[in-house]
Undergrad: 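I have a structure here, written as structure tokens, and I will follow up with some questions on it.
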Amino acid sequence: EDSRMADELYNKVRILCWVMTGPNNLEKKARHVKSTWSRHCNVVVFMSSVEDPDFPTVGLGTKEGRDQLYWKTIRAFQYAYEHHVHEVDWFLKADDDTYVIVDNLRWVLANHAPEEPIYFGRRFKPYTKQGYMSGGAGYVLSKEALRRFVEGFKNKLCTHTTSVEDLAMGQCMEKVGVLAGDSRDTVHRETFHPFVPEQHLTAKFPKSFWYWSYCYYPISEA
């Protein structure tokens, strides 16, 4: 297989992937992420509530549970900025049950500069003017978006408003002037997906399902 383009993009579009996990998920979920797709990232960091030097994970000093998701996200992005901002151009947040084809992500990002205040993901539309990115599908911040996010918490423009991580993230992004980008491909197909593949490929969502009213762009069903 000719990997020249992938190799070129690896050096041109440098991505830090941080994976949200917890002590109970390291063997069940995170180890599979570690041994598969995350190896294609330029830098990989597993973020947990407590440090595990053997896996390894970074300990964020939070508790575990859904109500802690935004605290973990805030502290994880702050850690990424403090320790890795000069090594990479883009910062991907993923869960330990997310699967990412990193080469395809680089292809999406290659048309944008890390100096742009922009972030990408599966764009939902309620509760914010420009929408926000689904947490389950993962989302990626440019270096400038991350800088603004970190500064936003320093100057109190952003605060921990809700434990609903993806919405709170979107509200902060809007406040600090980070654009919610369009991550669809050239024929308007979505590239970030919040459900497992078979649901997107074969399921028919009832019109009463929340997904219809949340998606920013028209849903294309199989």
Side-chain angles (χ1 to χ4, degrees), residues 13-22 41-43 45-49 58-95 98 105 108-109 111-183 192 194 213-217:
V13 184
R14 301 173 302 167
I15 302 173
L16 176 143
C17 304
W18 73 262
V19 180
M20 186 183 292
T21 189
C41 306
N42 298 80
V43 177
V45 187
F46 288 85
M47 304 287 192
S48 181
S49 53
V58 171
L60 299 171
T62 64
K63 297 175 183 175
E64 288 294 334
R66 289 198 65 81
D67 62 332
Q68 296 294 306
L69 288 181
Y70 194 39
W71 276 125
K72 287 177 83 171
T73 300
I74 294 165
R75 292 182 182 177
F77 274 123
Q78 289 171 336
Y79 178 94
Y81 186 76
E82 185 178 333
H83 292 87
H84 299 287
V85 71
H86 299 300
E87 299 170 45
V88 295
D89 309 301
W90 299 89
F91 298 80
L92 172 73
K93 175 263 172 187
D95 293 331
T98 304
L105 177 60
V108 170
L109 300 176
N111 291 322
H112 297 271
E115 295 78 25
E116 288 179 58
I118 195 166
Y119 82 129
F120 296 98
R122 168 54 74 95
R123 194 172 175 186
F124 286 164
K125 64 186 177 188
Y127 310 118
T128 58
K129 288 179 184 176
Q130 68 170 3
Y132 66 96
M133 304 305 169
S134 159
Y139 48 82
V140 59
L141 278 63
S142 69
K143 185 181 292 193
E144 175 61 16
L146 178 62
R147 187 193 69 78
R148 293 189 184 199
F149 178 76
V150 171
E151 285 297 311
F153 277 89
K154 282 183 182 175
N155 60 30
K156 303 294 195 291
L157 197 59
C158 294
T159 56
H160 185 284
T161 50
T162 170
S163 60
V164 183
E165 160 247 330
D166 49 7
L167 173 58
M169 188 77 192
Q171 290 171 335
C172 178
M173 294 282 95
E174 197 165 86
K175 286 177 184 173
V176 298
V178 172
L179 181 70
D182 183 352
S183 62
F192 288 75
S213 60
Y214 268 60
C215 285
Y216 195 90
Y217 304 109

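Here, residue 1 is the first one in the sequence, and each next residue gets the next number.
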Undergrad: Considering residues at least two apart in sequence or located in another chain, which fulfil the disulfide bond (SG atoms under 2.5 Å apart) criterion with Cys215?
TA: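 Cys215: no disulfide bond (SG atoms under 2.5 Å apart) contacts found.
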Undergrad: Pairs of donor and acceptor atoms involving the side chains of residues 149-159, under 3.5 Å and at least two apart or interchain, shall be tabulated with distances.
TA:
| from | atom 1 | to | atom 2 | distance (Å) |
| --- | --- | --- | --- | --- |
| Asn155 | OD1 | Leu157 | N | 3.0 |
| Asn155 | ND2 | Glu151 | O | 3.3 |

Undergrad: Can you check whether Val43's main-chain N or O pairs, donor with acceptor, with Glu87's side chain at less than 3.5 Å?
TA: no
Undergrad: Within the side chain of His84, is there an N or O that forms a donor-acceptor pair under 3.5 Å with the backbone of Ala80?
TA: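 A pair under 3.5 Å: no.
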Undergrad: Output a table of donor-acceptor pairs, distance under 3.5 Å, between side-chain atoms of residues 131-139 and any protein atom two or more places apart or on a different chain; print 'none' if there are none.
TA:
| from | atom 1 | to | atom 2 | distance (Å) |
| --- | --- | --- | --- | --- |
| Ser134 | OG | Gly136 | N | 3.4 |
| Ser134 | OG | Ala137 | N | 3.3 |
| Tyr139 | OH | Glu165 | OE2 | 2.6 |

Undergrad: Taking atom CG of Leu146 and atom CZ of Phe91, what is their separation to the nearest 0.5 Å?
TA: 5.0 Å
Undergrad: Shortest non-hydrogen contact from Val178 to Gln130?
TA: O-NE2, 2.8 Å
Undergrad: Taking ring-ring contact (aromatic ring centres under 6.0 Å, His included) as the test, write out the residues that go with His112, two or more places apart.
TA: Phe120
Undergrad: To the nearest 0.5 Å, what is the distance between CE on Met173 and CG on Leu179?
TA: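 Interatomic distance, Met173 CE to Leu179 CG, rounded to 0.5 Å: 11.0 Å.
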Undergrad: With a 4.5 Å heavy-atom cut-off, do Thr128 and Leu167 have their side chains touching?
TA: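 Answer yes - side chains close enough.
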Undergrad: If every non-hydrogen atom of Pro194 is compared with every non-hydrogen atom of Phe124, which pair is closest and at what distance?
TA: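 Closest approach of Pro194 to Phe124: CG-CZ, 4.5 Å.
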Undergrad: Counting C-beta onward and ignoring hydrogens, is there a side-chain heavy-atom pair between Val164 and Tyr70 closer than 4.5 Å?
TA: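 No, side chains not in contact.
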Undergrad: Measure across Gly121 and Ser183 and return the closest heavy-atom pair with its distance rounded to 0.1 Å.
TA: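 So the minimum-distance heavy-atom pair works out to O-OG, 2.9 Å.
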Undergrad: Which residue pairs satisfy the salt bridge (Lys or Arg N to Asp or Glu O under 4.0 Å) criterion with at least one member in residues 72-82, sequence neighbours excluded?
TA: Glu64-Lys72
Undergrad: Can you name the residues that form a side chain to side chain donor-acceptor pair (under 3.5 Å) with Tyr81, not counting sequence neighbours?
TA: none
Undergrad: Residues two or more places apart in sequence or in another chain: which of them pass ring-ring contact (aromatic ring centres under 6.0 Å, His included) with Phe46?
TA: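 Checked Phe46 against ring-ring contact (aromatic ring centres under 6.0 Å, His included); matches are Phe55.
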Undergrad: Does anything in residues 136-150 form a salt bridge (Lys or Arg N to Asp or Glu O under 4.0 Å)? List the pairs, not counting sequence neighbours.
TA: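 Sorted result for residues 136-150: Glu144-Arg147, Glu144-Arg148.
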Undergrad: If you round to the nearest 0.5 Å, how far is SG of Cys41 from CH2 of Trp18?
TA: 13.0 Å
Undergrad: I'd like to know if the side chain of Asp89 reaches the main chain of Arg14, judged simply by a donor and an acceptor atom lying under 3.5 Å from each other, with no hydrogens or angles considered.
TA: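 Yes: the side chain of Asp89 pairs with the backbone of Arg14.
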Undergrad: Shortest non-hydrogen contact from Val45 to Val58?
TA: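 Closest approach of Val45 to Val58: CG1-CG2, 3.5 Å.
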Undergrad: Is Leu105 close to Ile15 at the side-chain level, that is, under 4.5 Å between some pair of heavy atoms?
TA: yes
Undergrad: Donor-acceptor check, side chain of Thr73 to backbone of Leu69, threshold 3.5 angstrom: yes or no?
TA: yes
Undergrad: Below 4.5 Å, heavy atoms only, C-beta onward: do Tyr79 and Ile74 meet side chain to side chain?
TA: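 Tyr79 does not reach Ile74 side chain to side chain.
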Undergrad: Got a sec, which residues hit ring-ring contact (aromatic ring centres under 6.0 Å, His included) with Tyr216, two or more places apart in sequence or on another chain?
TA: none
Undergrad: State whether the side chain of Asn42 and the backbone N or O of Leu16 hold a donor-acceptor pair below 3.5 Å, judged by distance alone.
TA: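 No, Asn42 side chain to Leu16 backbone: no donor-acceptor pair under 3.5 Å.
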Undergrad: Write out all pairs satisfying salt bridge (Lys or Arg N to Asp or Glu O under 4.0 Å) with one or both partners inside residues 111-125, taking only residues at least two apart or from two chains.
TA: Arg122-Glu190
Undergrad: Looking at every heavy atom in both Val13 and Leu109, which two are closest together, and how far apart are they?
TA: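 Shortest heavy-atom separation between Val13 and Leu109 comes out as CG1-CB, 3.8 Å.
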Undergrad: My understanding is that only residues two or more places apart in sequence, or in another chain, count here; which of them pass side chain to side chain contact (heavy atoms under 4.5 Å, CB included) with Asp182?
TA: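 Side chain to side chain contact (heavy atoms under 4.5 Å, CB included) list for Asp182, sorted by chain: Arg184, Tyr217.
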Undergrad: How long is the span from the NZ atom in Lys63 to the CD atom in Gln68, to the nearest 0.5 Å?
TA: 6.5 Å
Undergrad: In chain order, what residues pass the ring-ring contact (aromatic ring centres under 6.0 Å, His included) check against Trp90, with sequence neighbours excluded?
TA: none
